[in-house]
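Since the model is a prediction, treat every value here as computed from it, not as a measurement. First listed ligand is number 1; within each ligand, the first listed atom is number 1.
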Amino acid sequence: MIAFQMSEEQMELVSLVRDVLKSEVEPLVLELDRREEQDFDWRPVETLARLNMVAPIVPEEYGGRGLDFVTTALIIEEVAAVCAGLAACMVGTIHALLPILVGGDEEQKKRFLVPLVSHKPALASFALTEPKGGSDIQRLDTHYRPAGDGFILNGIKDYVINGAVADFVTVCAGASQDGRPGAYQFLIVPRDRIKATINRRTMGIRYSNTAQLVFEDTPVTKEELIGHPDTGYLLLSQTLDCGRALIGAIQVGIARAAYEQTLSYARTREQFGRPIFSNQGVSFPLVEMATAIDAARFMVWRACYLMDQDGDYTRASSMARLYAGQVGQMVTARAIDIMGAAGYNDDSLLSIYFRDAKVCSIVGGTDNVQKMIIASLL
Ligand SMILES: Cc1cc2nc3c(=O)[nH]c(=O)nc-3n(C[C@H](O)[C@H](O)[C@H](O)COP(=O)(O)OP(=O)(O)OC[C@H]3O[C@@H](n4cnc5c(N)ncnc54)[C@H](O)[C@@H]3O)c2cc1C
């Protein structure tokens, strides 16, 4: 049976994260949204690291919390409801860790997972997208070739979350065949070996760092290559499939924050001598927002449940990402309609939610890519 309510342990974790973030991160949110690209502020990551919540799926044997995907999604929703940029840092890190968790050997797990859950602030990056290869992931130019005891990596990755601030990057690249990439594999590259990082200025999730990464004759040891060429593409697909549901959880958090703020405004703002909520023209959109958020949340939970059961989660995860993305954008836009000028004020949190929500129609594959995946599985 699938429960539609949280266990006691889940409730405790969620309220712990909610309380700590509300007191330590929420007061910083406007300031974090306005930071310059090069000035990454570690304080919010420090808060999460203290709770051992940067990558809560890391198993306990490596020092992590060992949370399942459903509980991880609950935590991500809470974090996103306060600061979606911080939730993006988490999800970027989890993307980087999944290939190691699923396909890495024991040495790689000890070397790369343990420092990330040691209560010190640390992040990781997952680098797939390239200037020429976005939706078309068969079109990657980044490649590696044998050199001495290890490999040499060349290529450019773009729009990588945590790119300039991560301890290491899990890079998807092809084994070089006459200068063209062959079968894909993941290579783990410590930050100090990246040739150059160029920060991207993004419209939303502005707390997080997003960067272009240049790899030029970058040395990678054989201990830093994950898995086998025959399973590399499967590992990539599994990582993307799991990541999509977690991106959906970010959207649910953003939408919930926008909805809650708007509901409370509508109940207190008076026009024509009564709260604007008493007009159906205001309360009905709020009803639709609340209903859509619940539906999106349940879709995220379903996908995460299937991921935890090792079931067939590809379609459910793409549906969760697609629908939650649409809900996030619908809810944040309507929230501004309902709050009027107060919602349009750039000093309001709604302005941040509105810009943050837009990114989730792009990351983890655009909406069209989700539709292509779902269509292939209908
Ligand atoms: C803030 C941010 C953070 C990101 N973080 C990461 C990260 O950490 N790691 C990473 O690897 N990548 C990351 N990305 C990159 C993201 O995954 C890509 O932007 C996304 O996959 C789309 O690729 P693209 O931007 O190149 O768009 P394109 O692939 O060029 O697509 C452009 C448009 O064409 C449409 N389109 C393309 N092909 C088709 C088709 N066959 N049928 C119908 N429509 C089509 C798309 O839907 C889209 O609307 C991030 C992006 C952003 C904006």
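Defined by atom type and a distance below 3.5 Å, a donor-acceptor pair is missing between the side-chain atoms of Tyr323 and Gln251.
For atom 51 (C) of ligand 1, a protein heavy-atom neighbour is found at a distance under 4.0 Å. Remark: atom 32 (C) of ligand 1 lies closer than 4.0 Å to no protein heavy atom.
For the pair Val369 and ligand 1, the shortest N or O to N or O distance does not fall below 3.5 Å. For ligand 1, none of its N or O atoms has an N or O atom of Val359 under 3.5 Å away.
Residue contacts with ligand 1, taken as heavy atom pairs separated by less than 4.0 Å, involve Met372 solely via side-chain atoms from C-beta onward. Under 4.0 angstrom from ligand 1, the non-hydrogen atoms of Thr366 all belong to its side chain.
Not a single heavy atom of Lys157 sits closer than 4.0 Å to an atom of ligand 1.
Set against the non-hydrogen atoms of Leu128, the atoms of ligand 1 under 4.0 Å away are 10 (C), 11 (O).
Between Leu128 atom CG and Ile137 atom CD1 the span is 5.5 Å, to the nearest 0.5 Å.
For Arg145 and Phe151, the positive end is not near the middle of the six-membered ring at less than 6.0 Å and at most 45° from its axis.
With respect to Asp33 and Arg355, a salt bridge is recorded, a charged nitrogen being found less than 4.0 Å from a carboxylate O.
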